[in-house]
Amino acid sequence: MPIVNRIAEFHAEMTEWRRDLHAHPELSMHETRTSAMVQAKLREFGVDEIITGMAETGVVGVIRGRKGNSDRAIGLRADMDALPIQEETGLPHASTSPGVMHACGHDGHTTMLLGAAKYLAETRNFDGTAYVIFQPAEEFEAGADKMVKDGLFDRCPMEMVFGLHNWPQAPAGTFLWRTGPVMAAVAWFDIVITGKGSHGAFPHQGIDPIVVAAQIVGALQTIVSRTIEPIEGGVVSVGHISGGEAYNILPERVLMKGTARWFKPAVGDAIEAGVRRLATGIAASFGASAEVSFRRHAPATVNDADATDIAVTAARTVSSDARVLSMTAPTMGGEDFAYMLEAKQGSYLMLGGGRGPDEPLLHHPRYDFNDEILPVGASWWATLAEQMLAGKG
Ligand SMILES: [Zn+2]
Ligand SMILES: [Zn+2]
């Protein structure tokens, strides 16, 4: 792969960082060790400034180019958090924290951006400023939104911001890009159904919230199929139901949790209204009640056309033209980088990491970031900065 030669030289070093991060995963808003490691590396690379405390564990490294001192600037963003999953890879660098795992490859994203930072701080072959942004809490709690609210773009004025996600289902080293929506808006919802507890043999003496929950699960599936225009994308999934303990006791309460995805804000509004209307209406019709909490985690991730051109040009420089592919459709996956793209022009690409048809997918207990692509992603970020801030030479 025609990656940046100097970056290829520290591939082994990057692999060590990545495996160290992988062995020590931290959940959203708990990335203290990771944040300290990132800060230590940036200090070692000799970046001009390190901004800490943004979104608590967030870190921004400031690197100024040596080709001039224009006020042009670019932002490169990685995420640092892991997931509440018990790792099953059996690898020597597997998680040392029970129940916590880097199953989305954010260890790889952090490492690739550190690789780019090391190279950019060493070469400074650009005119202006490169901000390397390490954000917490991509999976939960919308760390990108927190960083924007903590003044990321005021303290670090930049023209554009770029992110990338590894993509196990695409061959290693390929880039996937798309203009416009690339990932869906995400919401989490909880529905608490309250009935009246009773003996399983005497259901007429209570109001069974389990039967109510069953009606609601089925009805929620009609929101997208019957109330959203068929050509629009949307999904409602119930991922958790709990209530009751015993064979013969009908509980008082049932808890349901789920997620909804969409692209257009109007579709999101219709889905939220539908979840509320069906849950409360169905519960009421049984004499029970339902409390609905519908929380929007991230808007849709929408790529700017000009920024995407710049991102794709850098990808073609790093990989060959044949390995930079346009995505035919967006994915229903979600990404809180959407908040940065709402506030700033930018683009978000996928970088293939697949080693074959059996590659475990993201969020799988046997997933492991493919270290082969570390120099590819690092080269893409470094090339983006050098090309966008090329200056006059
Ligand atoms: Zn994830
Ligand atoms: Zn992720």
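In what follows, every heavy atom counts, from backbone to side chain, and hydrogens, waters and symmetry copies are set aside. One-based numbering, in listed order, for ligands and for the atoms of each.
- For the Zn ion (ligand 2), the count of nearby protein N/O/S atoms, taking only those under 2.8 Å, is 3.
- The residue from Val212, Ile191, Ile241 that alone fulfils the side chain to side chain contact (heavy atoms under 4.5 Å, CB included) condition with Val217 is Ile241.
- For residues 232-258, the set of pairs meeting the salt bridge (charged side-chain N to carboxylate O under 4.0 Å, His left out) definition, not counting sequence neighbours, comprises Glu232-Lys264.
- Under the ring pair (Phe, Tyr, Trp, His ring centres under 6.0 Å) criterion, His106 pairs with His109, His165, sequence neighbours left out.
- Taking the ring axis of Phe126 as reference, the NZ or CZ atom of Lys67 does not stay both within 45° of it and closer than 6.0 Å to the ring centre.
- Arg43 meets the salt bridge (charged side-chain N to carboxylate O under 4.0 Å, His left out) test with no other residue; sequence neighbours excluded.
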Working for ring-ring contact (aromatic ring centres under 6.0 Å, His included), residues His364 and Tyr367 = CA-CA 5 Å; His364 190 281; Tyr367 166 85; 9.0 Å; no
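- Within His363, NE2 is the N, O or S atom that lies nearest to the Zn ion (ligand 1).
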